[in-house]
Amino acid sequence: MKTRKGYKTYPLTVAQKFHNYYAQYCPGKEILNIGTSLTIEFELDIEELRKAIYKAYDRSESMRARLVYDKTEKEWYQYIADKEDREIEFVDFSGKTMEEAEAEMTAWTRVPFDKEDAPMNKVVIIKTPDGFEGMYIAGDHRFLDAQSLIGFMKDVIELYCNAKFEGIAYPSDMRSYIEQVEKDLAYEANSKAQARDRAYFYKLIEESEPIYNGIAGPKKLEEARAATGNPNLRAAPTGSDSFAAAIDIFHLEEEPTRRLMTFCAEQHISLQCLLIMGIRTYLQKINQCDDVSMQVAYARRATLLEKKSGGTRIHCFPFRTIIPETKSFLEGVFEIRDKQNEVFRYVNFNPAEYLGYRGKYYNPPQGMGYETISLTYQPATLREKGLTDLGNIQYKTKRYGNGYYSDGVYLTVMHRPEDNGLDFSFEHQTKAYSKEQLEYFYYYICKLMFKGIENPDLKIGDIIKLV
């Protein structure tokens, strides 16, 4: 397919196809949806906000993307519409409870964007029962991830403030989504860089087989070994037989968050490394196993083009560490940092190919795997330069679940806009994990991190005993 309705079409990138891959197994296509609201404690000019949203659409190619299916080739394609002129609705939730308002926005998030030649997102201007005003955005994950969502919302706010207030600069231009898509497709077309990345990951896979570490301990692995009659089996079921999911969020306050961030700054590490250390040490403790794997999401937004072109760029890869309890907490953190820096050089590679090759190489029983949790740390917030001129205006963000998730549990750690504390957001299959299990998991991740930053030279085994 070359064109559609006069527009040039492009194949989907690997990052987009990955969402198609898991969606095919889910009973509802809304599994691809992400929904968020941003509201401000301020009386907004609704018409000016509407104009700012239309301007932001004009500036963002990925937000004007459309999908089309070629029945002959049996492939999905994408193209960019010239203009987004559909109505942007205003919904006033005054008179309703916050629970009723959130239930309605959750219902919006559960309507799939599955029509060809149609918008792949929805924006609604809202007023919530607490008097805050702003917008709700839902989008298809094939065209939107956390960073591009934040980028679009930030652009709307800056455009609005430039129009309404003196001294607020007009925001710098967004970058071309299609230019970035073309770069990604060139990489995927048997490039030298792709061959280099493939060699790295294949070698990593061939070194040795990972082992399952359960959030609730080794019980599932023991059951899988008994069921298969293989006492050396290293894989087990990572989720449940139901995609039905919920989101449970636990809040870490501003002051303890600051302590974590200070430690990271002093040791020249990212918070993602510290979070990985906390998670893997908990799994190490509860499974009594030094060999720990988890899925880690990489945003792939290093260049200005990648940061400002929108779309979806997340690639998820298993991240495995074998750190004995005799090493100090700080040694473990540095080992994770060095390994993360190494892996990051190769993460443009196709995660589906990685998992496919690993599956063929070790051939675990169908429906079984090694990683029980996926982690995303989202450092980008709205409270960055460009929005600091708004003074102390309070604002809130909230995620809305689409009702489905493809595996056991996905942890997203983000900074809260109100106070820059951390929200630990667990999206999980409700049949796989209860809220109580995840709260316990969250509690111990934090306990281990704080004990570690307070005693960085203490051995991991001693820290495990202390908590």
Side-chain angles (χ1 to χ4, degrees), residues 33-66 80-94 101 104-105 107-109 111 113 115 117-128 131-165 168-178 307-312 380-384 386-387 389-390 393-400 417:
N33 288 10
I34 53 177
T36 301
S37 63
L38 164 69
T39 52
I40 304 173
E41 192 179 27
F42 195 80
E43 188 175 342
L44 297 170
D45 180 332
I46 301 302
E47 276 313 305
E48 201 62 60
L49 180 57
R50 192 174 273 122
K51 285 179 192 173
I53 294 167
Y54 283 128
K55 269 189 198 172
Y57 271 127
D58 288 343
R59 289 158 51 86
S60 176
E61 290 176 347
S62 65
M63 293 295 284
R64 304 195 311 275
R66 304 287 191 266
I80 308 301
D82 283 338
K83 199 83 180 157
E84 208 59 270
D85 54 9
R86 56 198 155 100
E87 183 190 355
I88 296 167
E89 193 182 356
F90 170 53
V91 175
D92 188 347
F93 289 113
S94 300
E104 193 163 334
M105 286 184 272
W108 294 345
T109 309
V111 178
F113 298 94
K115 294 184 178 67
D117 302 305
M120 301 306 293
N121 56 67
K122 168 180 179 165
V123 178
V124 181
I125 298 170
I126 57 172
K127 181 175 182 179
T128 50
F132 279 56
E133 298 182 11
M135 57 187 165
Y136 160 90
I137 302 177
D140 188 296
H141 215 341
R142 288 169 291 188
F143 293 95
L144 204 60
D145 62 21
Q147 287 214 15
S148 57
L149 180 66
I150 287 171
F152 183 78
M153 290 194 295
K154 188 168 182 281
D155 202 41
V156 171
I157 294 169
E158 291 183 332
L159 289 164
Y160 175 88
C161 291
N162 170 260
K164 290 292 290 182
F165 308 119
I168 303 286
Y170 195 81
S172 60
D173 289 343
M174 304 299 282
R175 295 302 179 98
S176 170
Y177 169 71
I178 290 302
K307 285 174 181 170
K308 299 204 72 176
S309 56
T312 190
T381 69
L382 283 161
R383 205 172 280 285
E384 291 176 342
L387 292 185
D389 294 331
L390 297 182
I393 295 174
Q394 291 297 305
Y395 63 95
K396 300 176 184 176
T397 59
K398 183 165 178 66
R399 287 180 67 198
Y400 303 93

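Because the structure is a prediction, the values reported are computed rather than measured.
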Kindly indicate whether the side chain of [X], heavy atoms from C-beta on, has any atom under 4.5 Å from the side chain of [Y].
X	Y	value
S309	M174	no
I126	S37	yes
W108	V91	yes
T128	Y136	no
E133	I125	no
P171	L159	yes

Q: Quick one: pull up NZ in K122 and CZ in F113 and give me the separation to the nearest 0.5 Å.
A: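 Here the rounded value is 7.5 Å.
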Q: Give a yes or no on whether a salt bridge exists between D58 and K83, defined as a side-chain N under 4.0 angstrom from a carboxylate O.
A: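 Yes.
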Q. In terms of side-chain geometry, is the basic nitrogen of E47 or R50 positioned less than 4.0 Å from the acidic oxygen of its partner?
A.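 R50 and E47: salt-bridged.
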Q. Angle class for the Y177/F143 ring planes (parallel below 30°, perpendicular above 60°, tilted otherwise)?
A.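 Tilted: the ring planes of Y177 and F143 meet at 30° to 60°.
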(Q) Over 60° means perpendicular and under 30° means parallel, so tell me whether F152 and Y57 are parallel, tilted or perpendicular. (A) tilted
Q | side chain to side chain contact (heavy atoms under 4.5 Å, CB included) evaluation trace for I157 with Y395 | A | CA-CA 12 Å; I157 294 169; Y395 63 95; over 6 Å; no
Q. For A81, does its backbone N or O pair with a side-chain atom of R64 as donor and acceptor, under 3.5 Å?
A.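 Yes, because the side chain of R64 sits within donor-acceptor range (under 3.5 Å) of the backbone of A81.
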